[in-house]
> 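Structure in structure tokens, see below.
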Amino acid sequence: MSMIISASVIRVRDGLPLSASTDNEQGTGVQECRKYFKMLSRKLAQLPDRCTLKTGHYNINFISSLGVSYMMLCTESYPNVLAFSFLDELQKEFITTYNMMKTNTAVRPYCFIEFDNFIQRTKQRYNNPRSLSTKINLSDMQTEIKLRPPYQISMYELGSANGVTSAFSVDCKGAGKISSAHQRLEPATLSGIVAFILSLLCGALNLIRGFHAIESLLQSDGEDFNYIIAFFLGTAACLYQCYLLVYYTGWRNVKSFLTLGLICLCNMYLYELRNLWQLFFHVTVGAFVTLQIWLRQAQGKAPDYDV
């Protein structure tokens with residue numbers, strides 16, 4: 001029988017389930033598909049905004065917009081145009097009912113569970129296509145799907161074909177060294193952007209003072225060559241802090257603390273060339289950037305919500 005079985009609303013950045021329909025299907029195939037729901041929810045930020053996963057007798061379709069994904073499970077014979085029209089209706093209603101601030105600050109799973117009422121009503125309508133009165137919308141959706149068909153996710157990408165775990169699932173768990181280079185960080189906050197700018201400023205100040213020290217050395221003013229090294233090491237440390245703030249690397253937190261230590265050592269050596277306020281500014285900025293690096297973690301380390 002051609003039908004929609006269940007649907008979920010999930011936050012893209014961390015896979016937090018915001019709402020879901022209640023379904024009583026307990027078949028083996030449906031239970032397996034729930035596992036695929038969990039795996040997909042962890043990778044939503046790295047997938048296109050319209051996708052389909054075929055799992056034998058069932059299809060999983062989803063669309064993503066404004067940081068929220070709308071996912072559904074249906075039988076393989078259910079028409080694509082109806083499936084994505086159903087998801088489109090969920091998206092429009094959810095955006096109308098809840099603002100982005102609420103969805104971005106939600107911390108509890110299923111905190112918008114009351115949206116299940118709308119999901120159930122819409123699911124009943126779409127499971128009885130003769131009752132649909134949206135032929136114009138369906139025609140528009142048919143055209144849109146032809147022009148921009150959904151991306152087909154393969155079982156190999158999902159990482160669970162015949163029980164063999166691929167690099168995809170390793171990346172979901174954050175356990176693979178190879179995949180860690182492609183790990184995405186959480187969205188930047190205002191304090192993170194401020195830290196990035198301040199670190200660039202400190203790097204620029206060190207660079208300017210370093211060139212001035214070179215000029216003094218060339219003019220034989222008795223400038224210590226070690227001061228030049230300290231200024232340029234300080235510049236390199238500030239720029240590396242910016243890199244750690246933007247990109248994910250292995251041992252990222254450890255590297256950030258070592259970089260902060262280098263900044264402190266350079267400023268200790270430059271004690272005679274800087275007043276206390278300048279030293280305090282450079283060290284404080286270094287500590288602030290280190291804190292922001294520690295706070296901005298990888299998306300792949302999201303909790304394993306029961307989607």
Side-chain angles (χ1 to χ4, degrees), residues 4-20 32-56 58-76 78-95 100 103-104 119 126 137-161 165-174 176 178-188 247-248 298-302 305 307:
I4 298 172
I5 297 172
S6 64
S8 298
V9 181
I10 301 166
R11 189 164 62 193
V12 170
R13 80 165 185 263
D14 57 3
L16 177 74
L18 303 175
S19 186
E32 188 71 18
C33 287
R34 290 198 180 105
K35 297 178 182 178
Y36 298 148
F37 261 59
K38 290 182 181 180
M39 298 176 74
L40 285 171
S41 67
R42 298 178 188 135
K43 300 296 292 183
L44 288 171
Q46 302 175 32
L47 292 170
D49 61 352
R50 179 185 293 165
C51 295
T52 295
L53 172 67
K54 296 183 178 180
T55 64
Y58 302 96
N59 290 346
I60 297 175
N61 303 299
F62 68 85
I63 60 174
S64 300
S65 176
L66 300 176
V68 178
S69 185
Y70 309 86
M71 192 178 297
M72 58 151 337
L73 173 65
C74 62
T75 55
E76 62 175 336
Y78 195 79
N80 255 1
V81 63
L82 289 179
F84 285 101
S85 181
F86 168 75
L87 293 174
D88 190 56
E89 281 202 37
L90 296 189
Q91 173 187 307
K92 290 177 180 176
E93 182 66 20
F94 192 85
I95 291 174
M100 287 185 63
T103 58
N104 287 335
I119 297 177
Y126 275 84
N137 291 338
L138 292 178
S139 177
D140 292 342
M141 181 59 69
Q142 183 74 56
T143 303
E144 187 176 342
I145 289 176
K146 285 182 179 179
L147 294 175
R148 194 169 66 90
Y151 175 74
Q152 300 289 330
I153 303 173
S154 68
M155 279 297 188
Y156 178 78
E157 287 178 280
L158 190 62
S160 184
T165 303
S166 71
F168 186 98
S169 59
V170 173
D171 187 36
C172 289
K173 298 175 182 176
I178 296 176
S179 60
S180 66
H182 305 286
Q183 194 84 315
R184 293 167 66 98
L185 296 171
E186 294 176 350
Y247 297 103
Y248 180 86
Q299 286 185 343
K301 296 182 179 179
Y305 301 115
V307 178

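Fair warning: this is a prediction, and the values are worked out from it, not measured in the lab.
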> Using every non-hydrogen atom in the two residues, find where Gln152 and Lys54 come nearest and quote the distance to one decimal.
OE1-CE, 3.7 Å
> Applying side-chain contact (heavy atoms from CB on, under 4.5 Å) between Ile95 and each of Lys92, Glu93, Gln91, report the one that passes.
Gln91
> Identify the two heavy atoms, one from Ile119 and one from Phe86, that lie closest to each other, and give their separation to 0.1 Å.
O-CE1, 4.3 Å
> For Arg11 and Thr103, work out which heavy atoms get closest and say how close.
NH1-O, 2.8 Å
> How many angstroms lie between atom OG1 of Thr52 and atom CG of Asn59, to the nearest 0.5 angstrom?
6.5 Å
> Report the C-alpha distance between Tyr78 and Ile4 in whole Å, list the side-chain angles of each, state the deciding distance to 0.1 Å, and finish with yes or no for side chain to side chain contact (heavy atoms under 4.5 Å, CB included).
CA-CA 7 Å; Tyr78 195 79; Ile4 298 172; 3.6 Å; yes
> Taking all heavy atoms of Met72 and all of Phe37, pick out the closest pair and write down the distance.
C-CZ, 3.8 Å
> Output the distance between atom CG (Leu87) and atom OH (Tyr70), rounded to the nearest 0.5 Å.
10.0 Å
> Is there a side chain to side chain contact (heavy atoms under 4.5 Å, CB included) between Leu47 and Phe62? Walk through the geometry before answering.
CA-CA 10 Å; Leu47 292 170; Phe62 68 85; 3.8 Å; yes
> Okay, side chain of Ser85, backbone of Leu82: is any donor-acceptor separation there less than 3.5 Å?
no
> Got a salt bridge between Arg148 and Asp49, using NZ or NE/NH1/NH2 to carboxylate O under 4.0 Å?
yes
> Could you check whether any side-chain heavy atom of Phe84 comes within less than 4.5 Å of a side-chain heavy atom of Ile63, counting everything from C-beta outward?
yes
> So how far is it from Ser64 OG to Met71 CE, rounded to the nearest 0.5 Å?
7.0 Å
> Would you give the length of the straight line joining atom CZ of Arg50 to atom OG of Ser65, rounded to the nearest 0.5 angstrom?
11.0 Å
> So, for Glu76 and Gly56, which heavy atoms are closest and what is the spacing to 0.1 Å?
OE1-O, 3.0 Å
> Mind checking the OG-CG spacing from Ser8 to Leu40? Nearest 0.5 Å is all I need.
11.0 Å
> Could you grab the distance from atom CG of Asn104 to atom CG of Leu16, nearest 0.5 Å is fine?
11.0 Å
> Check Asn61 against Ala83 and note the closest heavy-atom contact, atom names and distance.
ND2-CB, 3.6 Å
